[in-house]
Amino acid sequence: MSQHGCDGKPPDADGLHAEAIREERTDSSGVRWRKVYTGGGAHFRHWLEQFKEIYAEENLSVEEVNPAGFACFEQSGETMYSVWLRIRE
């Protein structure tokens, strides 16, 4: 598997690491969430529809993500998202 970004250069490891390590979060109401997807475009829309079908929309949260470190998103200007799934205690 290639370790290169869209421009043929290695991706920004710091930017990738910062997003990759943020796997869980707690919102202001104390609800815990687990990140289940990060990406964009048609692939994102497809996965979001699948998650809605499986988990129900009220158990999902979508967040726009800063694309720093993801060369393809930085260069294309495409919006990047994370999908979060409510953690049931």
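If you read the sequence from its start, that first residue is 1, and numbering goes on from there. Atoms considered below: every heavy atom in the structure, side chains included; atoms not considered: hydrogens, waters and symmetry mates. Nothing here was measured: the structure is a model prediction, and the numbers come from that model.
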Using a 6.0 Å cut-off, check whether atom CD of E78 has over 12 heavy atoms from anything other than its own residue.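 For E78, atom CD is crowded (more than 12 foreign heavy atoms under 6.0 Å).
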Please answer: with hydrophobic residues joined when any side-chain heavy atoms are less than 4.5 Å apart, are Y55 and I87 in the same cluster?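 No, because Y55 and I87 fall into different hydrophobic clusters, even though each may have its own neighbours under 4.5 Å.
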Hey, any chance W33 and I54 share a hydrophobic cluster, counting ILVMFWY side chains that come within less than 4.5 Å of each other, even indirectly?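 No.
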Using 30° and 60° as the class boundaries, would you call the ring planes of W47 and F51 parallel, tilted or perpendicular?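 Because their plane-to-plane angle lies in the 30° to 60° range, the rings of W47 and F51 count as tilted.
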Mind checking whether Y81 and F44 have parallel, tilted or perpendicular rings, split at 30° and 60°?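 Judged by the thresholds at 30° and 60°, the geometry between Y81 and F44 is parallel.
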Output the distance between atom OG1 (T38) and atom CH2 (W84), rounded to the nearest 0.5 Å.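 It is 7.5 Å, given to the nearest 0.5 Å.
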How long is the straight-line distance from CD of Q50 back to CZ of R45, given to the nearest 0.5 Å?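 Rounded to the nearest 0.5 Å, the CZ-CD separation comes to 14.0 Å.
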Take L60 and L85 through the side-chain contact (heavy atoms from CB on, under 4.5 Å) test and state the conclusion after the steps. CA-CA 5 Å; L60 299 171; L85 176 64; 4.0 Å; yes
Of all heavy-atom pairs between G39 and F73, which one has the smallest distance, and what is that distance?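 Where G39 meets F73 most closely, the heavy atoms are C-CZ, 3.8 Å.
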Tell me which pairs pass salt bridge (Lys or Arg N to Asp or Glu O under 4.0 Å) where either residue lies in residues 79-88, with sequence neighbours left out.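 Listed by first then second residue: nothing to list.
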Residue list, side chain to side chain donor-acceptor pair (under 3.5 Å) with S61, at least two apart or on another chain: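 For S61, the residues satisfying side chain to side chain donor-acceptor pair (under 3.5 Å) (neighbours in sequence not counted) are R25.
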